[in-house]
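Note sheet for the following structure.
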Amino acid sequence: DKFGEPLRSPGAFAVVFKMQDEDTGRMYAIKCFIEEQIGRQQSYEIIGQTLRKIHSPYLMEVNYLDKELFVDTKSSDETEYPVLQMDWVEGETMESYIGTHYRDTLAIKKLYERFCDLALWLRTKPFAHGDIKPDNIMIKNDGSLVLIDYDGMFVPDFAGKKSPTTGTRAFSHPLRTADDFNRDIDDFALASMSISLLAMSEDANLFQSYGAPDRLLFSSDDYNDFQNSEIFKELSGLGGLFPKLLDIFDDCLKRDDNITELYDEIFDLQTKAPEIISFGNKNGSIVYEN
C-alpha cells in the first residue's frame, strides 16, 4: 500500500495475502490463521486430498503447510505457524460485483444463469462447500465462478462428524445445527440465492428496497415468519414462477429433514420452465426461450 505495508484481506478467523513466486511469476493466496482451531490440520489435509481429485473450474487446490510462517514474537512460546496456500483468483467477490452491478438486470441475469449452473453441478456431488454466500464466490474476469474458503467443507471422509460451522445466518437454514453435516448442507443457500438473483434480474428496485450485497434479498429475520415478510409479499406479486417457488421455499423453512426433494422442485422449476431458461442443450450451455 502507500505506506509500504503488505495489502491484506482480513476475515473472522484468518487474513489473506497475495504473494508471487518470483521464479515462475505464479500468484498465490496465502491464508494466515489468527485463531487456533482443534483439528484444522487434519481437516485441511483431507479436504486438500479431495480437491486434488476433483479437477473442476469451480474449485481450486489448497495446500496446508504446517509450521510454515516464522513469527518473531514475545507474546507466545510458539514461533512457527501454519498457512494455507491456494492459487490466486483474479476477479472480485459476488458480494462486490452485486454491489456495483445490481442496477444492470442483464448482468444479474447472466450471473443468475452461471450460478444455477454451479448449483446444479454442486448438488450432484458427494461433497459440499458448507458456507455458500456471495463473499465466498469469486467472479473471474471472464465471468466464470469459483468457490473459495473451504473451512466448513464436507467430504465423504467427514461422515458422522460435527460441522465446524453452521454457515452464515442469511444463507443457513434456521434449524441447521452442527449435527447437520452432509452433502446436502448447501441446498438451502443455493435455493435462497438463486431465487434472489432471479428476482433481482426481473426488478432492480427490489435490491434497493430490500437487499444488501452480503445477504441479497432475504434476511434471517425473514425466515422466521416467511409468508408474512415484506419480501415474500413483494416477490409473490411478480407472478410467473415466483408464487410456486416461494411456497416450496417456505416448506423448506418449516422442515429440517427429508427435504431434498423440495430443493429438487425449486431447481426443476427454475431450470425447466421455458419462459425462464433452458439447460442441457447439446452444447451443455444455457439458452433463452420465448
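Because the structure is a prediction, the values reported are computed rather than measured. Values below: all heavy atoms of this structure, side chains included; hydrogens, waters and symmetry mates excluded.
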Query raised in the report: How about L198 and F242: do any of their side-chain heavy atoms sit closer than 4.5 Å?
Result: yes
**Report entry** Approximate separation, where rounding is to 0.5 Å, of N136 CG and E95 CD
**Finding:** 9.5 Å
Query raised in the report: Run the side chain to side chain donor-acceptor pair (under 3.5 Å) check on S219 and D221 step by step: do they pass?
Result: CA-CA 5 Å; S219 71; D221 289 337; 4.8 Å; no
**Report entry** Atom pair CD1 (I98) and CD (E92), whose distance is rounded to the nearest 0.5 Å
**Finding:** 10.0 Å
**Report entry** Polar side-chain atom of H101 near backbone of L106 as donor-acceptor pair, under 3.5 Å
**Finding:** no
Query raised in the report: Taking atom types as modelled and ignoring hydrogens, do the side chains of Q49 and E45 form a donor-acceptor contact shorter than 3.5 angstrom?
Result: no
Query - Exam field: side chain Y223 to backbone A170, donor-acceptor pair closer than 3.5 Å - result: yes
Query raised in the report: Hey, does P174 have a side-chain heavy atom less than 4.5 Å from the side chain of L253?
Result: yes
Query raised in the report: Which is it for D179 and K162 under the side chain to side chain contact (heavy atoms under 4.5 Å, CB included) test, yes or no, and what are the steps along the way?
Result: CA-CA 5 Å; D179 291 326; K162 289 184 179 294; 2.3 Å; yes
Query raised in the report: Do other residues, nucleotides or ligands put more than 12 heavy atoms under 6.0 Å from the NZ atom of K244?
Result: no
**Report entry** Greater than 12 external heavy atoms within 6.0 Å of Q41's CD
**Finding:** yes
Query raised in the report: Any side-chain heavy atom of L245 sitting closer than 4.5 Å to one from I266?
Result: yes
Query raised in the report: Any idea which heavy atoms bring Q270 and C116 closest together, and the distance?
Result: OE1-SG, 4.4 Å
Query raised in the report: Do R40 and D151 sit within salt-bridge range, that is, some charged N less than 4.0 Å from a carboxylate O?
Result: no
Report task. Report the C-alpha distance between K161 and F154 in whole Å, list the side-chain angles of each, state the deciding distance to 0.1 Å, and finish with yes or no for side chain to side chain contact (heavy atoms under 4.5 Å, CB included). Result -> CA-CA 10 Å; K161 295 185 177 181; F154 171 81; over 6 Å; no
Query raised in the report: Is T168 reaching over with its side chain to a backbone N or O of F171, donor-acceptor style, under 3.5 angstrom?
Result: no
Query raised in the report: Considering only heavy atoms from C-beta outward, does the side chain of I47 approach that of F127 to under 4.5 Å?
Result: no
Report summary line: Separation between CG (L235) and CG (L241), nearest 0.5 Å, reads 12.5 Å
Query raised in the report: In Å, rounded to the nearest 0.5 Å, how long is the span from CG of L59 to CG of L51?
Result: 6.0 Å
Query - side chain to side chain contact (heavy atoms under 4.5 Å, CB included) between R255 and L262, worked out - result: CA-CA 10 Å; R255 296 166 52 186; L262 293 178; 3.6 Å; yes
Query raised in the report: Parallel under 30°, tilted from 30 to 60°, perpendicular over 60°: which one fits the rings of F232 and F226?
Result: perpendicular
Query raised in the report: Parallel, tilted or perpendicular for Y64 and F33, by the 30°/60° rule?
Result: tilted
Requested in this report: State, to 0.1 Å, how close S201 and T105 come at their nearest heavy-atom pair, and which atoms those are.
Outcome: O-CB, 3.3 Å
Query raised in the report: Hey, does the side chain of S144 reach the backbone of K140 with a donor-acceptor pair shorter than 3.5 angstrom?
Result: no
Query raised in the report: When you look at F218 and F249, which way does the ring pair (Phe, Tyr, Trp, His ring centres under 6.0 Å) test go after all the steps?
Result: CA-CA 12 Å; F218 303 132; F249 191 60; 5.7 Å; yes
Query - Side-chain heavy atoms of I259 within contact of H173, under 4.5 Å - result: yes
**Report entry** Under 3.5 Å: donor-acceptor pair, side chain of S209, backbone of N205
**Finding:** yes
Report summary line: Rounded to the nearest 0.5 Å, the CE atom of M27 sits from the CD atom of Q20 at a distance of 4.5 Å
Query raised in the report: Heavy-atom distance under 4.5 Å between the side chains of D135 and D214, does that happen here?
Result: no
Report task. Report yes or no: do M138 and L84 belong to one cluster of Ile/Leu/Val/Met/Phe/Trp/Tyr joined by side chain heavy-atom distances under 4.5 Å? Result -> yes
Report summary line: Shortest non-hydrogen pair, S220 vs R169, comes out as OG-NH2, 3.4 Å
Query - Any donor-acceptor N/O pair, S172 side chain to T166 backbone, under 3.5 Å - result: yes
**Report entry** F13 CZ: over 12 foreign heavy atoms closer than 6.0 Å
**Finding:** no
Query raised in the report: Is Y81 linked to L65 within one hydrophobic cluster, defined over Ile, Leu, Val, Met, Phe, Trp and Tyr using a side-chain heavy-atom separation of less than 4.5 Å?
Result: yes
**Report entry** ILVMFWY network linking V16 to V71, side-chain heavy atoms under 4.5 angstrom
**Finding:** no
**Report entry** Residue pair Y58, D117: steps toward the side chain to side chain contact (heavy atoms under 4.5 Å, CB included) verdict
**Finding:** CA-CA 10 Å; Y58 291 127; D117 272 348; 3.6 Å; yes
**Report entry** Expected output: side-chain D87 to main-chain Y28 donor-acceptor under 3.5 Å
**Finding:** no
**Report entry** M19-M60 co-clustered via ILVMFWY side chain contacts under 4.5 Å
**Finding:** no
Query raised in the report: Are side-chain heavy atoms of D187 and R123 found at a separation under 4.5 Å?
Result: yes
**Report entry** Residue pair L145 / L111: nearest heavy atoms and the distance that separates them
**Finding:** CD2-CD1, 4.0 Å
Query raised in the report: For L217 and I231, which heavy atoms make the closest approach, and how far apart are they?
Result: O-CG1, 3.8 Å
Report task. Please report the shortest heavy-atom distance between G99 and P213, naming the atom on each side. Result -> CA-CG, 4.0 Å
Requested in this report: Evaluate the side-chain proximity of F115 to I137: yes if any heavy-atom separation is below 4.5 Å, no if none is.
Outcome: yes
Report task. Mark yes or no for whether R52, through its side chain, and E61, through its backbone, hold a donor-acceptor pair below 3.5 Å. Result -> no
Query raised in the report: Counting only heavy atoms not in E80, do more than 12 sit closer than 6.0 Å to its CD atom?
Result: yes
Query raised in the report: Does the side chain to side chain donor-acceptor pair (under 3.5 Å) test come out yes or no for D180 and S163, once each step is laid out?
Result: CA-CA 7 Å; D180 300 308; S163 175; over 6 Å; no
Report summary line: When rounded to the nearest 0.5 Å, the distance separating CG of D225 from CG of D250 is 8.5 Å
Query - Check: S194 side chain, A191 main-chain N or O, donor-acceptor pair, under 3.5 Å - result: yes
Query - Transitive ILVMFWY side-chain link L197 to L238, under 4.5 Å - result: yes
